[in-house]
Protein chains: 2
Amino acid sequence: MSEPQPTTPVPEQVLDAATRLFAAHGYEGTSLSAIAEEVGIRKPSLLYHYPSKEELREAVLGRLFSHWTEVLPRILQAATTGSSRFEGLVGEVVGFFVADVDRARLLLREMLDRPVELQRQMDGYLAPWLTIIRDYIRTGQESGVVRADVDPDSYIVHVIQMIVGGIATSNVIAVSHPDDDRADLERHVAEIVRIARSSLFIDTEP
Amino acid sequence: MSEPQPTTPVPEQVLDAATRLFAAHGYEGTSLSAIAEEVGIRKPSLLYHYPSKEELREAVLGRLFSHWTEVLPRILQAATTGSSRFEGLVGEVVGFFVADVDRARLLLREMLDRPVELQRQMDGYLAPWLTIIRDYIRTGQESGVVRADVDPDSYIVHVIQMIVGGIATSNVIAVSHPDDDRADLERHVAEIVRIARSSLFIDTEP
DNA sequence: CCTACCGATCGGTAGG
DNA sequence: CCTACCGATCGGTAGG
């Protein structure tokens, strides 16, 4: 009856369960009892670790954002050349959300539920990185490898939107392998990357 | 104390209020009392027109979809040439959601909250139209105006995703005119259309 | 980590 | 279209 040796700490189990349920049913659609039940404890015990539902929400989002700000610097400095930096960056963003589609769903829900608060948080976390990417696109425009009519700020935002939205709703937009979600997701990702690339760079061999 | 002459019928007022509130706070985050209050009636009166919350939801989505299936045939038959048909189609999709951003938010929420049911509905409503567009892209590939590496089914889905997502979350992704939402939205729309076009057609003059 | 309990609010019904 | 009311469930607290 004993559990396997390295037992996950309860607060982390709560965070995992809350992430899954918030992503699937939304914040308002998820009760504390439902989260507690999934962990195997009672609601008051859950409230000992996270003193309110609102603080649990912040903990869930905090983990998502911190993971993100931790991994972003590494990617931006990794690749150096223009097109390989593009591939690396897009690949990493896609990889982050494909590794756990709940990340994309959670972010999309937050955009709908709390636009003002999210925008303020994003400004703090992401603004410096977006500036770097924008300058990188502008440099590409001056050297002639990037299309002149690209609107850098708007382009970045919509490519991210397309990635996050496409992965979050990948179960709705299935198109080829109704029995094989994995292969369908990879096909979608490939087309997303193609759209992002071909709408950014000037065709070298037409 | 009397209301202005052509009073909107109460059931329609309920539908309007429910659309706004479902879009802003989600289905679970909206109470029947809140909808009734916005209309100026009591909850039991609302339940006379729509006998349950679930049936109200279906009515809200039904109106959205019917408006859509009503307008789609017209656009598809309007334009004839390749690139003007593209502009017309994309413009109409964008126009439909820009005219009322709640339409985009409602659809995005439904994708997250009820993926299975929505996919079934979309299959019925939209499948024939998607087939037409897909064949049109394939014809373009054979005649050499459309890029050979486009994955038609996946392309359509992601362009729609980008449009719906971009408009639904336009208040989060503001980038230029924090004081002028309208101008910002138009700028976003222009870049969305550019991304869709340049990733579909082969550049004629490089 | 639990049982027991709180007031508030939920969707929905009775009855007029 | 209303008042009055139903059982169920919500987030959260007391107390151990």
ask   = When the distance from NZ of A:K43 to C1' of C:dA4 is rounded to whole Å, what number comes out?
value = 12 Å
query = Which one, D:dC1, C:dG12, D:dT3, comes nearest to the side chain of B:V10?
reply = D:dC1
request  = Check the distance between C:dC10's P and B:L46's CG and give it to me in whole angstrom.
outcome  = 13 Å
ask   = Below 4.0 angstrom, N of the basic side chain to O of the carboxylate: do B:D102 and B:R109 qualify?
value = no
key: Whole-Å gap separating P (D:dG11) and CD (A:E55)   = 15 Å
query = B:K53 side chain: which of D:dG11, C:dC2, C:dG12 is closest?
reply = C:dG12
request  = Using a cut-off of 6.0 Å, state whether more than 12 heavy atoms not belonging to A:E70 lie near its atom CD.
outcome  = no
query = Does B:S45 place a side-chain N or O at less than 4.0 Å from the phosphate oxygens OP1/OP2 of D:dC2?
reply = yes
inquiry  = Rounding to an integer number of Å, can you tell me how far A:Y27 OH sits from D:dC10 C1'?
reply    = 12 Å
remark   = side chain to side chain donor-acceptor pair (under 3.5 Å) test vs A:S154 passes for just one of B:H188, B:R194, B:E191, namely B:H188
key: Nucleotide nearest A:Y48 (side chain, heavy atoms from C-beta), chosen from D:dC10, C:dA4, C:dC1   = C:dC1
key: Shortest side-chain distance from A:S33, nucleotide among D:dC10, C:dG11, D:dC2   = D:dC10
message = What is the distance, to the nearest angstrom, from the CD atom on B:E28 to the C1' atom on D:dT9?
response = 12 Å
remark   = In Watson-Crick or G-U wobble terms, with both distances under 3.5 Å, the base opposite D:dG15 is C:dC2
query = Should B:V93 and B:W68 count as side-chain neighbours, where that means a heavy-atom distance under 4.5 Å?
reply = yes
key: Nearest-neighbour nucleotide for the B:S52 side chain, C:dC10, C:dG12, D:dC10 considered   = C:dG12
task = For the side chain of B:H49, starting at C-beta, report the closest nucleotide among C:dG12, D:dC1, D:dT3.
result = D:dC1
query = Rounding to a whole Å, what distance do you find between A:E37:CD and D:dT9:P?
reply = 12 Å
inquiry  = The side chain of A:R42 is closest to which nucleotide in this list: C:dC10, D:dG11, C:dC2?
reply    = C:dC2
ask   = Taking the six-membered ring of B:F96, is NZ or CZ of B:R103 closer than 6.0 Å to its centre and within 45° of its axis?
value = yes
ask   = C:dC10 P sits how many Å from B:E54 CD, rounded?
value = 18 Å
note = Winner on side-chain proximity to A:I41, out of D:dC1, C:dA14, C:dC1, is C:dC1
task = Choose from D:dG12, C:dC1, D:dC1 the nucleotide whose nearest atom is closest to any side-chain atom of A:L47.
result = D:dG12
request  = Measure from the side-chain heavy atoms of A:L32 and tell me the nearest of C:dG11, C:dG12, D:dG12.
outcome  = D:dG12
